[in-house]
Amino acid sequence: MVHQKKALITGLTGQDGSYLAELLLSKGYEVHGLIRRASTFNTGRIDHIYVDPHEPGAQLFLHYGDLSDSEQIANIIYNTRPDEVYHLGAQSHVRVSFDSPEYTGNVTGLGTTRILESIRRSGNPIRFYQASSSEMFGGAQPPQDEETVFVPRSPYACAKVYAYWMVRNYREGYGMFATNGILFNHESPRRGETFVTRKITRGIAAILGKKTESLYLGNLDAKRDWGFSPEYVEAMWRMLQTDVPDDFVIGTGETHSVREFLEAAFAYVDLDMGKYVKIDPKYFRPTEVDVLIGDAGKARRVLGWEPGVKFSDLVKIMLDSDIRAAGLDVPGEGDAIIAKKFPQKWWKGD
């Protein structure tokens, strides 16, 4: 009998968690997800793949827990006995981390240690993936690869650097299969509404629908390496299928400013951004990361991973989705890109 792999995903209800769950389900995994208990439903990104666990053939199971609670984490790992753990959960908003630095350190930094220690104490050969971040590079000169020195410039980045080194320590000290995926910015129609790319595409949809007349943003000159989330979760999976655990940078190798994203987005719908975009100082960070560019050469060589969706495609894909969600007619170029580049896509809907 063939062993059915089990995976545990923290941050299951987030952008990456939802896509990763779909990918693993498509590969025949039994998937378990750690989610936070809330008084309102917060499972919108996975509702289309969730089946009541009482139903025959259910393969996705949810577990309430919190990254600040070691006992809950240990119990979930003990009870589910996963083959692979994908740790995506975090307080992941950089600007918010300046307002909540202690909470960010506790959840984003120490949360990783709690999972690593639970895995170590379990005694099981569990493979562990840590969602590291390009924000760790901060002020380092681009392009950035696996050998670039970290210069974190936010509480979020500092917490991620701590978590990165804990993964390295558990790998080298205890022989654990523990991997850091240093992912550069990756977006999709499921990106959180407060992140700048999604804020832009939702804002434009609202403008087209005459629901608002202004889009308020912060620093337009920050440059980022933006990719497409479904492709990045495939890289996560590939990292845990290798013979030897290692650390990998995942990015497109291109950088574009927030201003360029705005220009491309407004041009796509034939609007003059100058009439709608306004600057609000409250969205500026106390310390800014100016330029991030990922060198994913190692991932290409070792994992065979290559990005197919780059900047201009990504803008159109996200806009088509948000314009459709607003009940408006879509330009359609983003939909055509998905149909051409992913004719047999494993994820459902947007």
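A donor-acceptor pair shorter than 3.5 Å can be found between the side chains of Gln91 and Thr104. Of the N and O atoms on the side chains of Asn79 and His63, not one donor lies less than 3.5 Å from an acceptor on the other residue. In this structure, a donor-acceptor pair under 3.5 Å is present between the side chains of Tyr170 and Glu117. No side-chain N or O of Glu231 forms a donor-acceptor pair with one of His186 less than 3.5 Å apart.
With a 6.0 Å cutoff to the six-membered ring centre and a 45° limit on the axis angle, Lys341 does not count as a cation-pi contact of Phe228.
Taking CG of Leu34 as the start and CD1 of Ile76 as the end, the distance is 4.5 Å to the nearest 0.5 Å. With values rounded to the nearest 0.5 angstrom, Glu288 atom CD is found 9.5 Å from Ser154 atom OG. Atom-to-atom distance recorded for Thr197:OG1 and Leu262:CG is 10.5 Å, nearest 0.5 angstrom. From Asp335, atom CG reaches atom OG of Ser321 across 8.5 Å, with rounding to the nearest 0.5 Å. Taken from NZ in Lys348 to OH in Tyr19, the straight-line distance is 12.5 Å, to the nearest 0.5 Å. Here CD of Glu71 is found 13.5 Å from OH of Tyr78. Values are rounded to the nearest 0.5 Å.
The pair Asp313-Lys340 does not meet the salt-bridge criterion, since no charged nitrogen lies less than 4.0 angstrom from a carboxylate oxygen. Under a 4.0 Å N-O distance rule, the pair Arg285/Glu135 qualifies as a salt bridge.
For the pair Leu240/Phe177, a side-chain contact is recorded, criterion being any heavy-atom separation below 4.5 Å from C-beta on. Two residues are said to be in side-chain contact when any heavy atoms from C-beta on lie closer than 4.5 Å; Ile338 and Trp347 meet this criterion. With contacts defined as side-chain heavy-atom distances shorter than 4.5 Å, the pair Glu146/Asn180 does not qualify.
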Test Glu84 against Lys27 for salt bridge (Lys or Arg N to Asp or Glu O under 4.0 Å), laying out the working first.
-> CA-CA 13 Å; Glu84 300 169 358; Lys27 293 181 178 295; over 6 Å; no

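Between Trp226 and Phe261, the ring-plane angle classifies as perpendicular under the 30° and 60° cut-offs. Taking the six-membered ring where the residue is Trp, His32 and Phe61 present parallel rings, their angle staying beneath 30° rather than reaching 60°.
Contact record, Ile200 with Leu215: CA-CD2, 4.0 Å, taken as the closest heavy-atom pair. Contact detail for Val291 and Pro142: the closest heavy-atom pair is CG1-CG, 3.8 Å. Between Trp305 and Gly251, the closest heavy-atom pair is CZ3-O, 3.6 Å. Between Asp225 and Gly294, the closest heavy-atom pair is OD2-N, 2.9 Å. When every heavy atom of Arg114 is checked against every heavy atom of Leu67, the shortest pair comes out as NH1-O, 2.9 Å. The shortest non-hydrogen separation linking Arg153 to Gly138 is CD-C, 4.1 Å.
A 6.0 Å sphere centred on CG of Asp243 holds no more than 12 heavy atoms belonging to other residues, nucleotides or ligands. For Glu213, the CD atom sits in a loose shell: 12 or fewer heavy atoms of surrounding residues, nucleotides or ligands are nearer than 6.0 Å. Counting heavy atoms of neighbouring residues, nucleotides and ligands inside a 6.0 Å radius, atom CD of Glu55 exceeds 12 of them. Within 6.0 Å of CD on Gln141 lie no more than 12 heavy atoms contributed by other residues, nucleotides or ligands. Taking a 6.0 Å sphere around CD of Glu147, one finds it holds 12 or fewer heavy atoms contributed by other residues, nucleotides or ligands. Sparse packing is recorded around NZ of Lys223, with 12 or fewer heavy atoms of other residues, nucleotides or ligands lying under 6.0 Å away. Taking a 6.0 Å sphere around CG of Asp272, one finds it holds more than 12 heavy atoms contributed by other residues, nucleotides or ligands.
Listed by first and then second residue, the salt bridge (charged side-chain N to carboxylate O under 4.0 Å, His left out) pairs involving residues 12-21 amount to none (not counting sequence neighbours). Screening residues 125-164 for ring-ring contact (aromatic ring centres under 6.0 Å, His included), with sequence neighbours left out, gives Phe137-Phe150, Phe137-Phe184, Phe150-Tyr164. Residue pairs meeting the side chain to side chain donor-acceptor pair (under 3.5 Å) criterion with at least one partner in residues 255-268, sequence neighbours excluded, are Asp221-Arg259, Glu254-His256, His256-Glu260, Ser257-Glu260, Tyr268-Asp320.
Of the options Arg301, Arg168, Lys298, a salt bridge (charged side-chain N to carboxylate O under 4.0 Å, His left out) to Asp246 is made by Lys298 and by none of the others.
In terms of hydrophobic clustering, with Ile, Leu, Val, Met, Phe, Trp and Tyr side chains grouped at heavy-atom distances under 4.5 Å, Tyr50 and Leu88 are assigned to a common cluster.
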